[in-house]
Amino acid sequence: MRNPETILEVDDLRVYYATPQGDVKACDGVSFDLRSGEILGLVGESGSGKSTATGGVLRTIGSPGRIVSGTVTLDGEDILKYDDEKMRQTRWQKLSLIPQGAMNSLNPTMTISDQIADVIETHEGRQPADALRERIMTLFRRVGLPERIYSMYPHELSGGMKQRACIAMSIALDPLVIVADEATSALDVVVQRVVAQTMLKIKRELNVSFIMIGHDMGLMAQVVDRLAVMYSGQLLEIAAVRDMFARPAHPYSEILIESVPTLTERKPMKINEGITHDPRNPPSGCIFRLRCPHAMPVCSESRPDMVEVHPEQLVACHLWKKDENGSYVRQSV
Amino acid sequence: MSGGTTKAIPVEYLFNRLLTFFLTVFIAASIIWLIPRLSPIDPAEAMLGRMAAGAGFVENADQILADLRTQFGLDEPLWKQYLAYLKSLAVFDFGVSVANFPTPVAQMLAAALPWTIGLMIVSVVIAFIIGNAAGAFMAWQETPKTWKVVIPAAMIFTSIPPILSGLLLMWLFSAQLGWFPLTGSYGLFVTPGWNWEFIYSVIEHGALPALSIVVVTFGFWALGMRGLMTTVQSEDYVQLAKAKGLRPRYILYRYMIRNAILPQVTAFALKIGLLVTGQILVERIFSYNGMGKLIYDAILNQDFAVIQGASYVVILMTAASVLLVDLLYPFIDPRIRHGGGR
């Protein structure tokens with residue numbers, strides 16, 4: 001069932017953090033695929049494991065975290081099986097990152113251009129100075145940065161410019177996949193829009209695939225192609241963004257979408273408590289049942305499987321049952 | 001990978017910094033003039049006492065006392081003494097030593113200073129380099145396990161007082177192994193001068209005092225550096241550098257040490273000023289003829305002129321090294337600008 005266009009396939013990825021009171025399963029059996037040239041949004045509240053899941057994909061999980069099991073197939077190869085040196089060489093060439101805090105993600109004692117040059121020269125060897133300079137200038141133009149920042153230091157740039165410098169850096173080696181980890185959350189709304197548009201432009205021009213982590217459902221709706229909803233380390237639903245907003249299949253997705261305010265209507269916040277259970281001791285069965293308005297006895301007995309309830313719309317919820325024709329219908333409670 | 005923007009030191013900034021430099025020296029010099037004068041000990045009496053102790057009896061004691069006071073200007077009113085003192089500082093004339101009468105203090109300082117500066121600069125620079133390297137490797141995640149055991153173990157010496165570690169080194173390398181001479185600044189039978197024999201003798205004699213200083217002080221730098229490295233290690237830019245697939249050694253050097261070392265450099269500048277006083281006890285046990293020994297003897301002998309002269313040298317060195325760091329810092333940390341303006 002593997003899609004020929006699939007560029008990245010994550011299967012049953014488990015990342016645990018060791019604590020004295022037991023493991024925290026921050027990413028517990030997450031599976032999704034990323035198709036060539038698409039933006040996949042990963043949403044969920046704080047602590048839902050979005051960054052951990054992509055940290056597993058990028059293999060940047062440090063102690064006390066560890067990747068327990070799963071496969072991450074990038075361009076046909078499982079990168080979790082790579083040794084450290086092979087992984088280091090793969091980084092940025094195939095898999096790059098737009099970091100969460102662009103404010104602190106640039107080395108304060110190096111110029112912007114030096115920090116782009118070092119990644120190019122590490123992976124492609126020594127470059128002629130003129131060609132390197134021209135290549136970096138091209139990257140700047142691509143993300144709308146002025147040439148004068150070439151020999152500037154990070155502290156001389158505004159937050160939005162730093163974020164765009166990070167985007168320029170992320171495309172320096174023409175990667176297959178870029179992970180944008182809350183790339184816009186630290187910026188004001190105007191700059192958020194500019195940065196999001198820059199990412200869309202990059203996607204169109206370079207045909208690169210993005211995994212975009214965020215918690216701003218409004219911004220996500222405008223930028224991403226498909227949306228994956230995470231809750232406490234598990235993926236609850238994944239669907240095209242249109243389908244997700246039109247007919248959310250999981251009760252949690254419903255709540256998330258209903259909470260997006262509109263200009264004409266002020267809605268009461270339906271999410272008010274955050275993740276309530278102790279992550280070291282998650283509830284049996286469905287991870288969401290403690291907060292689910294439709295929780296049933298079966299929900300505490302077994303973890304629901306991810307099933308395709310509509311074409312291209314997968315959900316993990318006991319509300320959906322197969323009828324006599326073999327198609328899934330949602331039970332009314 | 002080209003460098004950044006070139007910087008020049010603005011004249012106005014330089015002027016301000018120089019003004020601060022002279023003001024610092026002036027205030028500090030005034031304080032060290034004032035402090036001995038608060039002491040109840042009369043240096044003229046103390047000197048006479050020494051003479052009396054040697055001869056058993058001094059004729060015309062009152063007359064000699066008065067003469068001594070006149071000679072050292074102690075009979076003048078305090079404000080006149082103070083003005084004379086300030087004038088003498090400007091021309092580096094600190095009068096004559098009371099203990100080694102009538103050797104000029106300036107001459108004694110000039111004789112002791114090169115020895116201490118030579119010994120201390122070499123040992124302090126070595127300690128700074130080794131200490132920071134050790135600190136960096138203690139914090140670095142890629143450091144081989146064995147090194148992570150060896151380095152902290154080596155720092156045990158930091159908690160041993162320098163006299164004891166000095167004695168230990170003397171026992172081991174001089175008495176037992178006979179590799180280095182026991183004491184002194186150079187051999188008794190070599191002629192001082194720019195000849196190879198003398199230089200060799202100086203290095204041979206300096207090795208153990210230098211080693212004992214390095215062994216005792218590198219832990220200070222190592223512990224500071226380890227803390228700074230641990231902080232830098234969790235910075236976003238180091239995490240991104242790893243995600244970029246840069247080589248671990250390059251990340252260590254260009255992203256981590258380069259940033260972690262900055263506060264250490266400031267601390268180092270302050271240490272440079274203090275190093276002219278030497279490791280007093282180290283110089284003492286190795287009978288090394290440097291500033292430390294000079295100050296030690298001067299304190300024992302109540303030799304005010306020497307103490308004042310030596311303190312003045314310390315003040316000058318501290319203020320000068322702070323000035324130097326102020327002027328150089330913008331070149332090592334691009335976020336710092338001379339005078340704040342663009």
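Below, chain A is the first sequence line, B the second, and so on; all start at residue 1.
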Say whether, by atom type as modelled, one donor and one acceptor occur between the side chain of [X] and the main chain of [Y] under 3.5 angstrom.
X      : Y      : result
A:R88  : B:G245 : yes
A:E121 : A:R126 : no
B:S234 : B:T231 : yes

Name the region of [X], side chain, backbone, both or neither, that has any atom closer than 4.5 Å to a heavy atom of chain B.
X      : result
A:T109 : both
A:Q89  : neither
A:L106 : backbone

> A:T71 and A:D78: side-chain donor and acceptor closer than 3.5 Å?
Replying inline: no
> So, A:N104 and B:E235: side-chain donor and acceptor under 3.5 Å apart, yes or no?
Replying inline: no
> So which of A:Q100, A:M169, A:E85 has the biggest tally of heavy-atom pairs under 4.5 Å with chain B?
Replying inline: A:M169
> Quick one: of A:P154, A:P108, A:P99, who has the most non-hydrogen atom pairs under 4.5 Å with chain B?
Replying inline: A:P108
> Can you say whether B:K242 sits under 4.5 Å from chain A via the side chain, the backbone, both, or neither, judging by heavy atoms?
Replying inline: backbone
